[in-house]
Amino acid sequence: MTRLDQKRTPLFDAVKKYVDDKVIQFHVPGHKQGRGIRELSDYVGERVLQMDANGMEDLDYANNPTGVILEAERLMANAFGAQNAYFLVNGTSAGVQAMIMSACEPGDKIIIPRNAHKSTIGGIILSGAMPVYIQPEINERLGIAMGITEESFKKIIKEHPHSKAVFLINPTYYGAVSDLKAIVRIAHRHDMAVLVDEAHGAHMSFHDDFPLTAMEVGADMSAASMHKTAGSMTQSSVLLLRSDMISPQKVKQVLNLTYTSSASYLLMCSLDIARKQLATSGSDMLENTLEMARWARREINSIKGLYAFGEELKGTPGCHDFDETKLGINVRGLGYTGYQMEAKLRKEYNIQIELSDLCNILAIVSIGDRREDLQALINALSDISSKVGDVEYKNTVIIPQNPKMIVSPRDAFYSPKKMIPLEESIGEIAGEMVMAYPPGIPVICMGERITKDIVEYIGVLKQEKCELQGTSDPYVNYISVLGAE
């Protein structure tokens, strides 16, 4: 693949020229370079709102690019080793749904890990595909789902040999990576397209100490959250394609079903600049990021009652490789749940971590972090530990078994539903999803049988004041199930 000039930012340059030309605007947006919303302009600055333009010839059109957006997307594809790249302004969720809709038609089976993000269910409903869930490995000490194994993948292929595609996560939220190369090889031997959720792996192509990426091992499509770990603005992501099984025309056709005709130029410019930065300076920036993450992990592991897990997990079930910038910290040795630790860090130390669960907290270490910020986290954790007496560690994590899918998510979505109290829902078929957010992994998906374990697990999450989403009732005292009122 010919290396393009990655120092260029064609879209950003075009937007800068548009602002500098002081074009008289009679087009949307209605704030007209911030003059129509002074309170916001005074806070964020005029330049930001001057860049908030709309599609036109010199700035190109996001839903049918032929000019500077297309040039910027080609540079993005080249940087990641893909054939095609598509800017996304509705996050990687839009990319996940586009991948599934590009690979699957109604009735097609797609193999999906049960710890996939909620957006996969949206893709299933939109495409009409039938999910075949594969159980990820569970690390019982940490109480988290890992990746899938080559053996479990081979087993499920034998049970569902005519599946059209497989959907993988690379890496998981906590940093675990499956043997992506082996799974891609197996899937392609069975004529299955490989779709990869790389929401938390946009940085991994740009330093040799990170796990292999989807494009590097021959996957067909991947969606990467540039905003999460690669420096672009929140909501901006990229969809990557390198496939003999899925055509660029099909992908564009799918994107045009849901893509906005008013894509944010601020978001797209941030993608253009973040790509340039990673392609030209990413290796050095990520070297510094890795050094900080490794140092912080060592420091935290010297604090009584804490375990910052990392590369030692490699070779355990479901963890072929590991992304060291995911600073996961098991806090049960201090007698806290992750939820309690998250709240304590925010309220008492002014520190906000990425996510918490029953046993762990997770800090994302990225190219924007500073050593003094990590030092503040280390100091806070050390202070908390110093105030805790001896704790008898008990593993109280309840991880329910995969519920059985009775009705496809699409059929469940369109079926009549009724609301009943959560405690009375055992044995019913779920009419909506319940998920802890973040990470946005469903505890129960629509169309699945609600079990006693599921209800008890939701009860534990509620008791711990976990942020639950997906239900009509924001407090999850009631749940929607299939059936008439």
Side-chain angles (χ1 to χ4, degrees), residues 80-81 96 111-117 120 132-158 163 165-190 192-225 228-229 240 242 286 289-290 293-294 297 307-328 330 360 362 364-365 399 402 439 441:
F80 279 90
V96 165
I111 299 169
I112 296 179
R114 192 56 182 75
N115 60 329
H117 187 262
T120 60
V132 174
Y133 291 117
I134 182 171
Q135 177 65 46
E137 299 298 314
I138 301 296
N139 185 304
E140 293 186 2
R141 177 185 178 186
L142 300 175
I144 60 174
M146 309 296 280
I148 63 171
T149 64
E150 184 178 347
E151 293 72 24
S152 64
F153 183 57
K154 287 178 178 177
K155 181 175 182 291
I156 207 150
I157 284 180
K158 284 184 179 179
S163 298
V166 57
F167 184 92
L168 301 168
I169 308 166
N170 188 55
T172 67
Y173 218 144
Y174 294 95
V177 171
S178 305
D179 189 349
L180 195 62
K181 187 174 182 179
I183 292 170
V184 168
R185 184 169 58 241
I186 296 165
H188 282 170
R189 280 206 305 264
H190 290 83
M192 295 179 189
V194 181
L195 318 174
V196 185
D197 177 354
E198 291 188 311
H200 296 277
H203 58 291
M204 295 198 311
S205 291
F206 301 95
H207 193 287
D208 291 339
D209 285 356
F210 287 107
L212 292 172
T213 66
M215 293 297 103
E216 289 172 329
V217 300
D220 296 274
M221 296 183 77
S222 74
S225 294
K228 283 187 170 72
T229 60
L240 302 169
R242 186 175 183 175
L286 289 165
T289 303
L290 281 166
R294 289 163 177 164
R297 190 171 268 109
Y307 169 41
F309 48 92
E311 283 208 304
E312 72 282 355
L313 296 180
K314 292 199 303 192
T316 61
C319 190
H320 175 76
D321 207 342
F322 189 83
D323 175 6
E324 296 178 78
T325 64
K326 307 299 186 289
L327 184 58
N330 188 278
N360 311 284
L362 176 68
I364 301 291
V365 185
I399 301 178
N402 275 6
I441 297 166

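- With rounding to the nearest 0.5 Å, the separation of CG in Leu362 from CG in Leu327 is 7.5 Å.
- In terms of heavy-atom proximity, Pro171 sits nearest to Met204 at CD-CE, 3.8 Å.
- The shortest side-chain heavy-atom distance between Ile111 and Phe153 falls under the 4.5 Å cut-off.
- Here the CZ atom belonging to Phe80 is positioned 6.0 Å from the CG atom belonging to Leu240, to the nearest 0.5 angstrom.
- Here the side chains of Val96 and Phe167 are in contact, with some heavy-atom distance below 4.5 Å.
- Arg114 and Ile441 make their closest contact through O-CG2, 3.9 Å (heavy atoms, listed as atom of the first residue, atom of the second, distance).
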May I have the step-by-step check of side-chain contact (heavy atoms from CB on, under 4.5 Å) for Lys154 and Ile157, ending in yes or no?
CA-CA 5 Å; Lys154 287 178 178 177; Ile157 284 180; 5.8 Å; no
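- Side chains of Glu324 and Arg297 form a contact here, defined as non-hydrogen atoms less than 4.5 Å apart.
- Without hydrogens or angle criteria, Asn360 side chain to Leu142 main chain gives a donor-acceptor distance under 3.5 Å.
- Here the closest non-hydrogen pair linking His203 and Asp323 is NE2-OD2, 3.0 Å.
- Partner Glu198 forms a side chain to side chain contact (heavy atoms under 4.5 Å, CB included) with one of Leu168, Thr229, Asn170 and no other, that one being Asn170.
- Shortest non-hydrogen contact noted between Leu195 and Ala165 is CD1-CB, 4.4 Å.
- Contact of the Ile364 side chain with the Lys228 side chain is not registered, since no non-hydrogen atoms from C-beta on lie closer than 4.5 Å.
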Verdict with supporting geometry, Met215 and Ser222, side-chain contact (heavy atoms from CB on, under 4.5 Å):
CA-CA 7 Å; Met215 293 297 103; Ser222 74; 4.0 Å; yes
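- Residue Pro113 comes nearest to Ile148 through the heavy atom pair CB-CG2, 4.3 Å, listed as atom of the first residue, atom of the second, then distance.
- For the atom pair CG (Asp321) and CD (Glu311), the distance works out to 7.0 Å, reported to the nearest 0.5 Å.
- Note that CG of Leu313 and SG of Cys319 are 5.0 Å apart. Values are rounded to the nearest 0.5 Å.
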Salt bridge (Lys or Arg N to Asp or Glu O under 4.0 Å) for Glu151 and Lys155? Distances and angles first, verdict last.
CA-CA 6 Å; Glu151 293 72 24; Lys155 181 175 182 291; over 6 Å; no
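- Looking at every heavy atom in both residues, Ser225 comes nearest to Ala202 through O-CB, 3.6 Å.
- Under a cutoff of 6.0 Å and an axis angle of 45°, Arg141 and Tyr307 form a cation-pi pair.
- Between the side chain of Asn115 and the backbone N or O of Met146, at least one donor-acceptor pair lies under 3.5 Å.
- Using a 4.5 Å heavy-atom cutoff, the side chains of Leu290 and Thr325 are in contact.
- A distance-only check finds no donor-acceptor pair linking the side chain of Asp197 to the backbone of Ile169 [under 3.5 Å].
- Side chains of Tyr173 and Lys326 form no contact here, defined as non-hydrogen atoms less than 4.5 Å apart.
- A donor-acceptor contact shorter than 3.5 Å is absent between the side chain of His190 and the backbone of Met192.
- Rounded to the nearest 0.5 Å, atoms CD (Glu150) and CG (Leu180) are 11.5 Å apart.
- Between Val166 and Ile186, the closest side-chain pair of non-hydrogen atoms is not below 4.5 Å.
- With contacts defined as side-chain heavy-atom distances shorter than 4.5 Å, the pair Thr172/His200 does not qualify.
- Separation of atoms OG (Ser205) and CG (Leu286) is listed at 10.0 Å; rounding is to 0.5 Å.
- Note: Phe322 and Tyr174 fail the aromatic proximity criterion, with ring centroids not under 6.0 Å apart.
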